[in-house]
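Presented below is the structure to which this report refers.
None of the values given here were measured: they were computed from a predicted structure. We name chains A, B, ... by the order of the sequence lines, and we start the count at 1 in each one. Excluded from the calculations below are hydrogen atoms, water molecules and symmetry mates; all remaining heavy atoms, backbone and side chain alike, are included.
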Number of protein chains: 2
Amino acid sequence: MILEKKKAFNSFAAAKGLRSTRQRDIILDIFLSTHQHISVEELYLKVKSSNPGIGQATVYRTLKLFAESGLAREILLHDGQTRYEHVVAGEHHDHLVCTGCNAIIEFEDETIENLQKDIALRHGFFIRSHKLEIYGLCSTCRI
Amino acid sequence: MILEKKKAFNSFAAAKGLRSTRQRDIILDIFLSTHQHISVEELYLKVKSSNPGIGQATVYRTLKLFAESGLAREILLHDGQTRYEHVVAGEHHDHLVCTGCNAIIEFEDETIENLQKDIALRHGFFIRSHKLEIYGLCSTCRI
DNA sequence: TATGCTTTTGAAAATCATTTTCATTTAGTC
DNA sequence: GACTAAATGAAAATGATTTTCAAAAGCATA
Ligand SMILES: [Mn+2]
Ligand SMILES: [Mn+2]
Ligand SMILES: [Zn+2]
Ligand SMILES: [Zn+2]
């Protein structure tokens, strides 16, 4: 599936008339090798460790492209750092965020999703995206 | 009810051992006279127009106190500006945010609230707060 | 009311994540 | 290989927020 994601991104880039660059390939490889909600700085450090030449601005720019291509989703929690997570086609989830240990637990709730659609409908509102974050303490931290 | 809110804040301040200052009184009066989701900068400008001497840092500091006291709620949307709204005792709502005109529509959904509690329970998670924001286009902007 | 101690304030500087600038390098085309 | 526009990296700029610090003000006490 990593190969498919690379292909998908390359199609997106081609359709957008973007050039294919060594930097983007490397950043994509490394992003795809990570798991869960990585911050730009964290990814930048990972990238830099194997490719010291790649600049921070390029990582910022490239992650934005990933999000635009549908490969990644931008997550803004309450710590002032933008994070990115992998998008799995056809799937969606929201987050429980532990303010004790910064753990992030993912959950899906079809009923909540549908209720949101109802609410939007009721207000004549067209949904582009939504964010549902529950902040508190995970089972470990609440002890 | 404005008087009650002032009293409530004064009790909070007293309990915290804070001194009563002209600046905080003025900022509280002006905050209570506003409606809906005001940004710190907006409130600062309002304050400055009648009280040019009051500094921005004081407005930042004071709004944080209001939130801490339970009088105000901090709202972080996706535009990089912190906003504050009035807290009505015993009430809670979430937001539909129009990315076209920046309008914010409030809604309440008891079922969604309860489902969140279920989810938390299922994960052994203790909820401190949550945010549910639906982004998209309001009925005016979608045309 | 004056004194002394401590908090609060305002202005300016600092912070920090992110974006922009711009000179240089590079990819894609001929 | 040469040309042209896009992409890059380093550094500067940005912008919201926080911190610093000297001066001002609140509050307890004499
Ligand atoms: Mn996730
Ligand atoms: Mn609201
Ligand atoms: Zn935890
Ligand atoms: Zn609108």
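Ring to ring, A:Phe31 and A:Phe66 are close: their centroids are under 6.0 angstrom apart. Aromatic pair B:His92/B:His130: ring centres closer than 6.0 Å.
Look at CG on B:Asn51: it is 14 Å from C1' on C:dG10, rounded to the nearest Å. At whole-Å resolution of the value, CD in A:Glu74 and C1' in C:dT18 are 11 Å apart. In this structure, the CZ atom of A:Arg24 is 15 Å from the P atom of C:dT26, given to the nearest Å. The CG-C1' distance, from A:Asp79 to C:dA17, rounds to 11 Å in whole Å. Put simply, CD1 on A:Ile26 is 11 Å from P on C:dA27, counting in whole angstrom units. As a whole-Å value, the separation of B:Leu76 CG from D:dT17 C1' is 12 Å. Going from atom OH of A:Tyr60 over to atom P of C:dT20 covers 13 Å, rounded to whole Å. Spacing between atom CG of B:Leu43 and atom C1' of D:dA16 amounts to 16 Å, rounded to whole angstrom units.
Side-chain proximity of B:Thr58 to the nucleotides C:dT19, C:dG10, D:dA16 is greatest for C:dG10. With D:dT8, C:dT8, C:dA11 as the candidates, the nucleotide lying closest to the side chain of B:Arg61 is C:dA11. For B:Gln23, taking side-chain heavy atoms from C-beta onward, the closest of the listed nucleotides C:dA17, D:dG9, C:dT9 is C:dT9. The side chain of B:Ile54 approaches C:dG10 more closely than any other nucleotide in the set C:dG10, C:dT18, D:dA7. Here C:dT8 is the nucleotide among D:dT18, C:dT19, C:dT8 with the atom lying nearest to any side-chain atom of B:Arg19.
Taking only distance into account, the side chain of A:Arg22 never meets the base of C:dT26 through a donor-acceptor pair shorter than 3.5 Å.
At a threshold of 4.0 angstrom between heavy atoms, the contacts of B:Lys64 are confined to the sugar-phosphate backbone, with no base atom among them. At a threshold of 4.0 angstrom between heavy atoms, the contacts of A:Gly17 with the nucleic acid are absent. Within the nucleic acid shown, B:Gln81 comes within 4.0 Å of sugar-phosphate atoms alone, with no base atom in reach, counting heavy atoms only.
Contact check for B:Leu96 versus A:His123: side-chain heavy atoms found under the 4.5 Å cut-off.
Between B:Ala57 and B:Ser20, the residue whose closest nucleotide on DNA chain D is further toward the 5' end is B:Ala57.
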* **Worked verdict on B:Glu133 versus B:Tyr135 for side chain to side chain donor-acceptor pair (under 3.5 Å)** => CA-CA 6 Å; B:Glu133 284 149 17; B:Tyr135 291 88; 2.7 Å; yes
* side-chain contact (heavy atoms from CB on, under 4.5 Å) between A:Ile105 and A:His95: does it pass, once the steps are laid out? -> CA-CA 6 Å; A:Ile105 302 165; A:His95 299 115; over 6 Å; no
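Side-chain N/O atoms of B:Thr82 include none lying less than 4.0 angstrom from OP1 or OP2 on D:dA16.
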